[in-house]
Amino acid sequence: MRTTNLFMPTMREVPAEAESDSHKLMLRAGLIRKLASGIYCFLPLGLKAMKKLEDIIREEMDAAGAVELLMSAMIPAEPYKESGRWEVFGPEMFRLKDRNKRDFCMGPTHEEIFTDIVKHEVRSYRALPLMLYQIQTKFRDEIRPRFGVIRSREFVMKDAYSFDRDEAGLDLSYEKMYNAYCKIFERCGLEFVAVDADTGAMGGSGSQEFMVKSEIGENTIAYCDSCGYAANDEKAPCISTGKKSDTAEESLVKLLTPSMRTIEEITSFLSCSPTQVVKTLIYMADDKVIAALVRGDRELNEAKLKNLLGCTMLEMASPEKVYEITSANVGFAGPIGLKELTIVVDNEVSDMKNFVVGANDTDYHYLNVNLHRDFKADITADIRNIALGDVCPLCTAPIALTPGLEIGHIFKLGTKYTKALNCVYVDENGQEIPMVMGSYGIGLNRTIATIIEQSHDENGIIWPIAIAPYQVAVVPANMGDTAQVSLAEEIYIRLKAIGIEVLLDDRNERTGVKFKDTELIGVPVRITVGRKAAEAIVEVKNRKESDAVDMGYEAAIEYCRNLILG
RNA sequence: CGGGGUGUAGCGCAGUUUGGUAGCGCACGUGGUUUGGGACCAUGGGGCCGCAGGUUCAAGUCCUGUCACCCCGACCA
């Protein structure tokens, strides 16, 4: 490709809207342009990087035995109504009606659609296992799009679905996908970790997320350097130290604590540590009211609580509901005297003595509260987020936490969707049995952005060769110099002939401009044809290295061949 | 959805306090000089000042409404 033919609008200045490094660089290097909040157009260089990634994904999917197809992006409501997700997705789903007022949506994910196709077309155990995938645009009306294409409302996803006879078959399919995902992200040059994850709204029995550690990550990864354990903090179990306080139980005191509603206010008012306070959170679990108790400095883990209760919806009670339940304003809820609701106590709280709780009376707290003596727990379990100071659940070494960005997610769905949609096969005995399903996703736009996030410097993107839109840039320093121009042409043609994607920067720009752009767009190898063109000597610079090397042009071609074609 | 902020040329911004002919840098067109790290000189084009209403002799500027975009939060009692 000649730069004069390419549509490559680079920017010297950073648009004010961009926050993360990858977002800034994708805009500056002319990979993307924004059309609306969370909606981006891909320009040639961005599209080319995406296609490189698609090719890698296709190779690894095909190698894992998956077959590509393409479902519609616009989907009638019925399959989602059958699975219950027409409601579950809520406002996150882009919905529309056709001229006959029938409900449709822009597909946010396609479990139901794949299940629907498979149930109609696959009847016998002989056709299983079956693994299907597509690379397709998804639509989710995100609450807050962020960081360019990292959290966007329209994005490209590779989604794969496996259908097996039984759990053992699913385990095999899942493992194949796990291995394929590792290969894909390795080929992208990414440093990543596979972490245990909660299955969340998808349902199912097991799941792992592929994460990269990143400052702009919206998840928290708990990991252990000693044994290699890694999990999403939603999933990581908190191991009790087993140390029960042996302090004597003191007598209960009800104390006036005017307007002391937050943990911060109450601890400063009482001059105590948040570790001596227990907060009582009132939740609606489906239609039931529950109270969840965790230590004052801890965060309740809704995923754990939801799984524990087996409910489909879990949300904080409204202030009105809290008042109805506790007869007190928000901030003064406590477990003592609460009736007709389930009290769930975090493991850690059951080891505490003489703690502080709200008194279910506005402006009052109880001091010296003790479990069993003053109130009873209906359930005692691990319901808090893991935190610094906790230990690895496998080897009990200290746990570390880091923000993480999710680029892939694999699920063992089990029969959640196949049962809901009646997707069954007939076994050897003529019995109808629900297929056992898995679901596997990779966000392509996000993966591209993540590669840039992990691989850039102050001058621009540093593409790994496997993803680079162009692998080599040939830069004639002076377009007015015929020796330079003709040698550059020669190298350009030779490199193309051996299958290298090369950009000939034939713009009549000053050398500095061409160098800046070549670095900004992240081309892995730059060949500058300059003053020594008459002696057939060129300068070769690897984007990852700081120094350039002079060599004969044949040697430069050889260098590219070895580096790029292996 | 709550809070905060910003909308002025393709991009980055000033001008709004105190109403009075819409500016700067980069980018872009033309001519020339340049040509190894985002050149220089000359010259030119480009604006419904987000949108709608209002006040006024006069509105980018004041008032009302509205839309868009960005940031923080949206369970941490």
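Within every chain, numbering begins at 1; the chains are lettered A, B, ... in the order of the sequence lines, protein sequences first and strands thereafter. Predicted, not measured: the structure shown is a model, and the values here were computed from it.
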**Student:** Expressed in whole Å, how much space separates the C1' atoms belonging to G19(B) and C62(B)?
**Tutor:** 8 Å

**Student:** For Gly296(A) and Pro15(A), find the nucleotide of RNA chain B closest to each by heavy atoms; which residue's nucleotide sits nearer the 5' end?
**Tutor:** Pro15(A)

**Student:** Just say parallel, tilted or perpendicular for the rings of Phe139(A) and Phe94(A), cut-offs at 30° and 60°.
**Tutor:** perpendicular

**Student:** Between A74(B), A39(B), G36(B), which nucleotide gets closest to the side-chain atoms of Thr511(A)?
**Tutor:** G36(B)

**Student:** Mark yes or no for a side-chain to base donor-acceptor pair under 3.5 Å between Asn478(A) and G36(B), with no hydrogen or angle criteria applied.
**Tutor:** no

**Student:** Counting only Watson-Crick pairs (N1-N3 plus N6-O4 or O6-N4) and G-U wobbles (N1-O2, O6-N3), all under 3.5 Å, who is the partner of U61(B)?
**Tutor:** none

**Student:** With rounding to whole Å, what would you report as the distance between U16(B) and U21(B) at their P atoms?
**Tutor:** 13 Å

**Student:** In the structure shown, which nucleotide is the Watson-Crick or G-U wobble counterpart of G47(B), with both distances under 3.5 Å?
**Tutor:** none

**Student:** Who does G7(B) pair with, Watson-Crick or G-U, both distances under 3.5 Å?
**Tutor:** C67(B)

**Student:** Can you work out whether Arg507(A) or Ala36(A) has the more 5'-proximal nearest nucleotide on RNA chain B?
**Tutor:** Arg507(A)

**Student:** To the side chain of Glu299(A), which of C70(B), C76(B), U35(B) is closest?
**Tutor:** C76(B)

**Student:** Do the side chain of Lys514(A) and the main chain of Asp505(A) share a donor and acceptor less than 3.5 angstrom apart?
**Tutor:** yes

**Student:** May I ask you to say what Ala477(A) touches in the nucleic acid, namely base, sugar-phosphate or nothing, with a heavy-atom cut-off under 4.0 Å?
**Tutor:** base

**Student:** Is Glu519(A) touching bases, backbone alone, or none of the nucleic acid, heavy atoms closer than 4.0 Å?
**Tutor:** base

**Student:** Looking only at the side chain of Thr528(A) (C-beta and beyond, no hydrogens), which of the listed nucleotides G36(B), C70(B), G38(B) gets closest?
**Tutor:** G36(B)

**Student:** Using atom C1' of each nucleotide, how far apart are A22(B) and A42(B) to the nearest Å?
**Tutor:** 24 Å

**Student:** Using atom C1' of each nucleotide, how far apart are G7(B) and A74(B) to the nearest Å?
**Tutor:** 25 Å

**Student:** Counting Watson-Crick and G-U wobble pairs only, both distances under 3.5 Å, name the nucleotide matched with U18(B), or none.
**Tutor:** none

**Student:** Sequence neighbours excluded and cut-off under 3.5 Å, please list the side-chain donor-acceptor pairs for residues 23-31 of chain A, or say none.
**Tutor:**
unit_1   : atom_1 : unit_2    : atom_2 : d
His23(A) : ND1    : Gly148(A) : N      : 3.4
His23(A) : NE2    : Tyr40(A)  : OH     : 3.3
Arg28(A) : NE     : Met11(A)  : O      : 3.0

**Student:** Quick check: does any side chain N or O of Asp233(A) sit under 3.5 Å from a backbone N or O of Ile386(A), one acting as donor and the other as acceptor?
**Tutor:** no

**Student:** Starting at atom CD of Glu234(A), determine the distance to atom P of C75(B), rounded to an integer number of angstrom.
**Tutor:** 13 Å

**Student:** Tell me which nucleotide, if any, is Watson-Crick or G-U wobble paired with C40(B) when both distances must be under 3.5 Å.
**Tutor:** G32(B)

**Student:** Should the pair Arg526(A)-Glu539(A) be classified as a salt bridge under the 4.0 Å nitrogen-to-oxygen rule?
**Tutor:** yes

**Student:** Taking Arg295(A)'s backbone N and O only, do any of them form a donor-acceptor pair with Asp346(A)'s side chain (distance below 3.5 Å, no angle check)?
**Tutor:** no

**Student:** Provide, to the nearest angstrom, the distance between the NZ atom belonging to Lys516(A) and the P atom belonging to C26(B).
**Tutor:** 17 Å

**Student:** Please measure how far the P atom in G23(B) lies from the corresponding atom in G32(B), and state the result in whole Å.
**Tutor:** 30 Å

**Student:** Report yes or no: does Gln484(A) contribute a side-chain atom to a donor-acceptor pair with the main-chain N or O of Asp481(A) at less than 3.5 Å?
**Tutor:** no

**Student:** Would you indicate which nucleotide in C69(B), C72(B), G36(B) comes nearest to any side-chain atom of Arg531(A)?
**Tutor:** G36(B)

**Student:** Has Thr257(A) got a side-chain atom pairing as donor or acceptor with Met260(A)'s backbone, closer than 3.5 angstrom?
**Tutor:** no

**Student:** Pairing check on U56(B): which nucleotide meets the Watson-Crick or G-U wobble criteria with it, both distances under 3.5 Å?
**Tutor:** none

**Student:** Minimum heavy-atom separation for Cys560(A) and Val472(A), please, with both atom names.
**Tutor:** SG-CG2, 3.8 Å

**Student:** If you look at every strand shown and take non-hydrogen atoms under 4.0 Å, does Ile143(A) touch a base, only sugar-phosphate, or nothing?
**Tutor:** base

**Student:** Is the phosphate of C70(B), meaning OP1 or OP2, less than 4.0 Å from a side-chain N or O of Ser37(A)?
**Tutor:** yes

**Student:** Please list, in numerical order, the residues of residues 267-279 of chain A that have a heavy atom closer than 4.0 Å to any atom of RNA chain B.
**Tutor:** Lys279(A)

**Student:** Mind checking Gly480(A) for me? I need base, sugar-phosphate or nothing, with any heavy atom below 4.0 Å counting as a touch.
**Tutor:** nothing

**Student:** Between P on C76(B) and CG on Leu305(A), what's the gap in Å once rounded to a whole number?
**Tutor:** 15 Å

**Student:** For C57(B) versus G12(B), give the span between their C1' atoms, rounded off to a whole number of Å.
**Tutor:** 37 Å

**Student:** What's the gap between A27(B) and C41(B) when it is taken at their P atoms, as a whole Å value?
**Tutor:** 12 Å

**Student:** Check whether Trp463(A) reaches the backbone of Ile521(A) with its side chain - one donor and one acceptor, N or O, closer than 3.5 Å.
**Tutor:** yes

**Student:** Nearest to the side chain of Tyr283(A) - C69(B), U34(B), C75(B)?
**Tutor:** C75(B)

**Student:** To the nearest Å, how far apart are Lys34(A) NZ and U6(B) C1'?
**Tutor:** 12 Å

**Student:** Counting only side-chain N and O atoms of Arg12(A), is one of them less than 4.0 Å from OP1 or OP2 of G12(B)?
**Tutor:** no

**Student:** Keeping Ser22(A) on the side-chain end and Thr450(A) on the backbone end, is there a donor-acceptor pair under 3.5 Å?
**Tutor:** no

**Student:** Which whole-number value in Å describes the distance from Lys321(A) NZ to C75(B) C1'?
**Tutor:** 17 Å

**Student:** What is the nucleic acid contact for Arg28(A), judged by heavy atoms within less than 4.0 Å: base, sugar-phosphate only, or nothing?
**Tutor:** base

**Student:** Hey, does Val475(A) reach any base, or is it just sugar-phosphate, or nothing, if we go heavy atoms under 4.0 Å?
**Tutor:** nothing

**Student:** Considering only the P atoms, how many Å lie between C28(B) and C71(B), rounded to the nearest integer?
**Tutor:** 29 Å

**Student:** If only side-chain N and O atoms of Lys514(A) are considered, is one of them under 4.0 Å from the OP1 or OP2 phosphate oxygen of U35(B)?
**Tutor:** no

**Student:** Any N or O donor-acceptor pair linking the side chain of Arg526(A) to the base of G36(B) at under 3.5 Å?
**Tutor:** no

**Student:** Quick one: Asp517(A) CG to G36(B) P, roughly how many Å, whole number?
**Tutor:** 17 Å

**Student:** Categorize Asn329(A) for me: base, sugar-phosphate, or nothing, with a 4.0 angstrom heavy-atom threshold over every strand shown.
**Tutor:** nothing

**Student:** Need one value for Arg144(A): base, sugar-phosphate or nothing, where a base atom within 4.0 Å counts as base even if backbone is also close, heavy atoms only.
**Tutor:** base

**Student:** Looking only at heavy atoms, what is the nearest atom pair of Pro91(A) and Asp141(A), with distance?
**Tutor:** O-CB, 3.6 Å

**Student:** Could you tell me the Watson-Crick or G-U partner of C13(B), where both distances fall under 3.5 Å? Say none if there is no partner.
**Tutor:** G23(B)

**Student:** In whole Å, I'd like the distance from the CZ atom of Phe515(A) to the C1' atom of G38(B).
**Tutor:** 12 Å

**Student:** Rounded to whole angstroms, how far apart are CG on Leu35(A) and C1' on A68(B)?
**Tutor:** 13 Å

**Student:** Please state whether the base of G25(B) and the side chain of Glu13(A) form at least one donor-acceptor pair under 3.5 Å?
**Tutor:** yes

